[in-house]
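Accompanying notes for the structure given below.
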There are 2 protein chains.
Amino acid sequence: MKKEKAKDRIIRTASDLFYRQGFNSTGINQIIAEADIAIGSLYNHFSSKNDLLRAYLIKEETEWFKGFEEQIGNIDPPKDKIVALINYRKKLQDDSTFAGCHFIKIISELGDSNPLVSDVVKNHKEKQKIMIREILTQYDVEKKSLDIDSVAEHIFLLIEGAVVTSTIDKNADAFAHIKKIIQGLLP
Amino acid sequence: MKKEKAKDRIIRTASDLFYRQGFNSTGINQIIAEADIAIGSLYNHFSSKNDLLRAYLIKEETEWFKGFEEQIGNIDPPKDKIVALINYRKKLQDDSTFAGCHFIKIISELGDSNPLVSDVVKNHKEKQKIMIREILTQYDVEKKSLDIDSVAEHIFLLIEGAVVTSTIDKNADAFAHIKKIIQGLLP
DNA sequence: GTCTATATGGTGATAGAC
DNA sequence: GTCTATCACCATATAGAC
């Protein structure tokens, strides 16, 4: 096993802390301490704390879709793909003990004060909506008679609601609920 | 018009800043500057910044239900009450230019590191769910054949999803969408 | 009750040796 | 590329005069 490079260790440590503690509650000193790196080295790789935030967002965005591809595996039936999406969002919550969606968290903390954050989050959610619409388009080839845009939005909003609610409740009940509802939407 | 007391001015100013900028991004110095109060006076009324957070949460919780009562006015038909709830959440978003739900924001920023926050937010959302169930119980007296708990959860999750999504998108499209869906759920 | 002055420690960021 | 030492500033909180 190759030794992890300093830069990668910084990103990994910072990402973990930003997610668990929040961006503003995480200091540069804590990052360098936990990454076991000198502060001079950090500023050699990243120009500012905001640059580190940028790296965090890009990392999470990339890993989100990579993780979803793994979850979906070689599932083919469109309806099962939708279920896999719900299971994936649930799994992310379970694995983080319901710490919440990275993107909702960061925009909730920083608002639109940081244009970088607004853009990445908006783009990330838009991609998910498009993905749902594409899956429903495959589904509709067989079944027809589906208002794709409308059902896609319905599914998307239920998932977002379940993620937020499970973060507050610290349990996955909402996911069980939306899975039943959404299966009812896809006859 | 009576002059606003120092304590009330502090709470109002702090609440506004916590909401707009976030809790951690708001310093005591900024609060005393904008409230036009001395720091000694602030610590005379509040024992710590966390105590100020406590006052903020209580204020928002109280005002949320007061505002909803005003919105609902003397509307009687249960279905219209549900629509009034959606309109109320939409109005809160419109009025704040989509700054988001106070409670989702604060729990997203502070997570469960602060037990006070977790408790207040969880309680606030639970109250809303109960309220929806009560309205649906009234509705069911006439129409019957409704799975109240299930429909209540469906409505609640759609509203939460719409609030989060409208915060990201900076527009109210999601509310128009869920209004149609929810009216379809109540025949 | 409100004020000013101050204590103490943490923040992001830079300079320059090796 | 990595390090140590240090900067200027801001944070929360306290002491004590009026």
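First the proteins, then the strands, lettered A, B, ... as listed; each starts at 1.
- The salt bridge (charged side-chain N to carboxylate O under 4.0 Å, His left out) analysis of residues 167-177 of chain A, with sequence neighbours excluded, yields the pairs Asp169(A)-Lys129(B), Lys170(A)-Asp112(B).
- Bracketed by its first and final contacts, the part of DNA chain D lying under 4.0 Å from non-hydrogen atoms of chain A reaches from dG1(D) to dA5(D) in 5' to 3' order.
- Heavy-atom contacts from other residues, nucleotides or ligands closer than 6.0 Å to NZ of Lys90(B) number 12 or fewer.
- Across the interface with DNA chain C, nearest-nucleotide mapping of Asn24(A) and Lys7(B) shows Lys7(B) to be the residue nearer the 5′ end.
- Separating the CG atom of Asp51(A) from the P atom of dT14(C) is a distance of 12 Å, rounded to the nearest angstrom.
- Salt bridge Lys122(A)/Glu126(A): absent, no basic N to carboxylate O contact under 4.0 Å.
- Of the side-chain N and O atoms in Asn29(A), one or more sit less than 4.0 angstrom from OP1 or OP2 of dT11(C).
- Remark: Tyr43(B) engages no residue in a ring-ring contact (aromatic ring centres under 6.0 Å, His included) (not counting sequence neighbours).
- Residues in residues 144-187 of chain B take part in these ring pair (Phe, Tyr, Trp, His ring centres under 6.0 Å) pairs, two or more places apart or across chains: His154(A)-His154(B).
- Within residues 39-48 of chain A, the residues approached by DNA chain D to less than 4.0 Å at the level of any non-hydrogen atom are Ile39(A), Gly40(A), Ser41(A), Asn44(A), His45(A), in residue-number order.
- The list of ring pair (Phe, Tyr, Trp, His ring centres under 6.0 Å) pairs with a residue in residues 104-138 of chain B, not counting sequence neighbours, reads Trp64(B)-His124(B), Phe65(B)-His124(B), Phe103(B)-His124(B).
- Under the 6.0 Å cut-off for aromatic ring centres, His102(A) and Tyr56(A) qualify, their centroids lying closer than that.
- We find that Glu153(B) and Arg133(B) are not joined by a salt bridge, their nearest charged nitrogen and carboxylate oxygen being 4.0 Å or further apart.
- Within the nucleic acid shown, Thr26(B) comes within 4.0 Å of sugar-phosphate atoms alone, with no base atom in reach, counting heavy atoms only.
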